[in-house]
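Worksheet: one structure, shown below.
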Protein chains: 2
Amino acid sequence: MSTASLVFSGRGPVSDATAARVRAAAQELAYAGPNPLASSLRQGRTGTVGVVVEGRLGDAFGDPFALTVLDGLARELDAIPAALLLLPREPGDDSRLLAQLGAAAVDAVVFALCGPRDDPAVDLLAGRGIPMIAAGAPVDPRVPQLLVAERAASAEVARLLVGLGHTRIGHITLPLAPRVPTGPVAPAQVALASYPDGAARALGVLDVAPDARVVQTTIADVASGEQAARLLLGVPAHERPTAIIAQSDVLAAGVLRVAADLGLRVPEDLSVTGFDGLDLPWVDVRLTTVVQDGQARGRALGAMVAAALSGASVRTTHFPTHLRLGETTGPPPTR
Amino acid sequence: MSTASLVFSGRGPVSDATAARVRAAAQELAYAGPNPLASSLRQGRTGTVGVVVEGRLGDAFGDPFALTVLDGLARELDAIPAALLLLPREPGDDSRLLAQLGAAAVDAVVFALCGPRDDPAVDLLAGRGIPMIAAGAPVDPRVPQLLVAERAASAEVARLLVGLGHTRIGHITLPLAPRVPTGPVAPAQVALASYPDGAARALGVLDVAPDARVVQTTIADVASGEQAARLLLGVPAHERPTAIIAQSDVLAAGVLRVAADLGLRVPEDLSVTGFDGLDLPWVDVRLTTVVQDGQARGRALGAMVAAALSGASVRTTHFPTHLRLGETTGPPPTR
DNA sequence: CTGTTAGCGCATTCAC
DNA sequence: GTGAATGCGCTAACAG
């Protein structure tokens with residue numbers, strides 16, 4: 001009885017009478033519509049797109065920027081239509097993710113957030129012919145990217161501060177590799193980092209301010225920003241940085257809190273910059289930051305997925321950002 | 001060649017020589033392992049659990065409490081193992097969700113967060129024999145619940161404030177129904193609400209303080225809390241509430257911000273309470289609030305899912321909360 | 001221990 | 001416009 005299939009999918013030429021008869025029979029047999037699994041197997045489409053998430057969901061999406069990207073992505077996928085399957089990876093342990101990827105039925109996979117430069121998941125998915133889309137990582141010719149000019153944007157921030165006269169600059173990076181502790185990082189280590197986005201932003205700063213003190217965080221949240229800020233600011237006044245460049249607005253929010261706690265005025269005593277351009281209702285100053293539209297970024301990723309699923313060959317694209325001058329940057333204090 | 005299946009699933013008794021031979025052949029043919037779809041169809045298991053999310057992902061998980069629940073749930077499901085499929089519902093429009101549910105292959109569905117009391121998705125899923133687990137909503141005999149004594153907990157907060165001598169109490173509720181505007185709500189409307197959790201908390205307050213002014217928010221975030229607080233506090237001083245009970249800590253955070261803005265000291269001029277017991281790094285006072293362990297709640301939901309999938313019959317359970325006295329409550333100002 | 005057989009539930013042919 | 005046959009790719013059950 002293929003007619004039933006036509007009735008439920010609603011795409012065949014079926015007379016109203018027959019349709020009614022089919023529906024009545026379905027009712028009778030308590031048939032709740034086609035089995036999605038069988039339908040997917042037959043059609044080769046699942047209506048599901050995987051999203052790889054580094055670390056715990058609470059950590060990853062505790063950063064409002066990441067959440068906004070996810071939101072935009074979901075919104076765009078909804079139009080395909082496709083639902084989002086969350087595929088968390090324990091940082092530094094790929095085994096669970098690979099098992100999930102081997103067992104999960106997805107039409108495509110998105111690496112929407114920061115992740116390792118080299119990812120064994122790529123081989124697995126490429127082997128299955130599942131299209132992938134990434135935002136910075138993993139780096140692989142088989143994975144088209146939506147790229148941000150991280151290094152250039154970050155360098156622009158550093159240039160702003162150097163131009164204002166700052167010479168002692170602190171930099172707070174996102175994690176450069178899985179499972180790192182919060183703490184200082186030697187500039188030489190930066191180039192070897194496994195996470196490209198943090199590395200690129202740090203390199204941008206070092207391009208312009210090679211003597212910047214770099215402190216790495218474990219995750220992007222306010223508490224980590226505070227911790228890193230205390231490491232940078234908890235030194236004698238004459239070696240204390242007069243400006244801190246944070247790789248994320250939530251990290252910068254932590255810096256602002258520590259500054260207030262230490263009695264440092266922003267920007268008179270300390271300049272602070274962020275990255276992302278978040279609108280945090282609980283931060284009262286307007287942060288100097290690199291604005292990127294997270295929602296639009298997610299949507300752009302979703303559009304790339306849609307294109308890949310429709311069979312188009314998707315190419316690496318660039319996504320715009322711009323520096324926004326806020327109230328948290330100014331010339332260094334005259335001693 | 002079922003031997004190949006045994007090799008890949010790793011559960012059959014296969015000699016090493018044969019296993020090697022199979023792997024070699026797989027390599028040769030560029031076979032990337034079993035097709036998850038076919039495997040799922042055969043085994044009747046997908047390794048995927050759906051989570052219904054009300055509203056945009058950004059709105060739903062912008063509340064750290066909701067995110068923590070999701071995190072705990074994901075963590076527990078990971079042990080099954082199962083991955084999370086996000087199933088967003090546009091508030092007030094079930095059609096997309098129902099379509100997704102009809103097309104998505106899931107082993108179970110969790111209603112982890114607030115949602116409508118009556119949900120057409122229940123009929124659909126019950127028809128398919130897919131187990132459901134809920135946390136407050138939907139209310140249906142076919143759906144076992146993990147319940148919080150919302151009304152009692154809320155009443156306890158109100159009793160605390162009344163006991164301190166407050167007579168003019170304001171209450172800020174979560175949305176009581178889809179697509180509501182932020183604004184005052186008549187107590188009579190509360191009992192008719194479509195969202196049970198907000199309704200139960202409001203009823204708890206009204207049980208103890210029947211004259212409380214109730215203001216409803218659109219979503220649980222700081223900005224909505226601020227908006228609601230301005231409605232409650234923006235009246236002549238003699239009719240201004242001396243205490244505000246918020247149904248969530250993020251809403252309470254908004255109240256604290258407005259209080260500071262209006263020059264009201266907390267708790268001398270205004271007592272403020274929340275719900276959830278979040279640890280918000282950017283709120284400096286210790287809020288008086290109803291603590292519930294979101295992570296544990298998510299895990300408990302995950303455990304219920306695991307039980308349901310193992311064929312056990314899952315019963316409705318209760319989840320504990322407790323009132324935590326903080327620094328934001330005290331006697332009302334003596335005029 | 002290994003190979004063969006059948007069917008999971010559907011959607012797509014193709015005859016009628 | 002309708003019904004009957006085939007196979008999507010796998011794995012459980014069996015026979016060797």
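Proteins come first, then strands; the chains are lettered A, B, ... in the order of their sequence lines, and each starts at number 1.
- Note: CG (B:Leu41) to C1' (D:dC8) measures 9 Å, nearest angstrom.
- Across the protein-nucleic acid pair, A:Gln43 atom CD and D:dG9 atom P stand 14 Å apart, rounded to whole Å.
- For the pair A:Arg89 and A:Asp119, the salt-bridge criterion is met [side-chain N within less than 4.0 Å of a carboxylate O].
- At least one donor-acceptor pair under 3.5 Å links the side chain of B:Asp293 to the backbone N or O of B:Ala296.
- Protein atom CG of A:Leu37 is 17 Å distant from nucleotide atom P of D:dC8, rounded to whole Å.
- Spacing between atom CG of B:Asp16 and atom C1' of C:dC1 amounts to 12 Å, rounded to whole angstrom units.
- Toward the 5′ end of DNA chain C lies the nearest nucleotide of B:Ala17, the other residue of the pair B:Ala17 and A:Pro34 mapping further downstream.
- Rounded to a whole Å, the CG atom of A:Leu6 is 9 Å from the P atom of C:dT12.
- Counting any heavy atom pair closer than 4.0 Å across all strands shown, B:Tyr31 reaches sugar-phosphate atoms only and no base atom.
- Taking every side-chain heavy atom of B:Thr3 into account, C:dT2 is the closest of C:dA11, C:dT2, D:dT11.
- Closest approach to the A:Thr18 side chain among C:dC10, C:dC1, D:dG3 is made by D:dG3 (side chain taken as heavy atoms from C-beta onward).
- Under the 4.5 Å side-chain criterion, counting only non-hydrogen atoms from C-beta, B:Leu309 is in contact with B:Pro131.
- Note on B:Asp123 versus B:Arg142: salt bridge recorded, some NZ/NE/NH1/NH2 to OD/OE distance being below 4.0 Å.
- No side-chain heavy atom of A:Leu301 sits less than 4.5 Å from a side-chain heavy atom of A:Glu76.
- Taking only side-chain nitrogens and oxygens, B:Ser5 comes nearer than 4.0 Å to OP1 or OP2 of D:dT11.
- What separates CZ of B:Arg45 from P of D:dA12 is a distance of 13 Å, to the nearest Å.
- Residue B:Arg21 places at least one side-chain N or O under 4.0 Å from the OP1 or OP2 atom of C:dG3.
- Straight-line distance from the CZ atom of B:Phe8 to the P atom of D:dG9: 15 Å, rounded to whole Å.
- Atom CZ in B:Arg42 sits roughly 18 Å away from atom P in D:dG7 (whole-Å rounding).
- When each of B:Ala38 and B:Ala19 is assigned the nucleotide of DNA chain C with its nearest heavy atom, B:Ala19 is the one assigned upstream, toward the 5' end.
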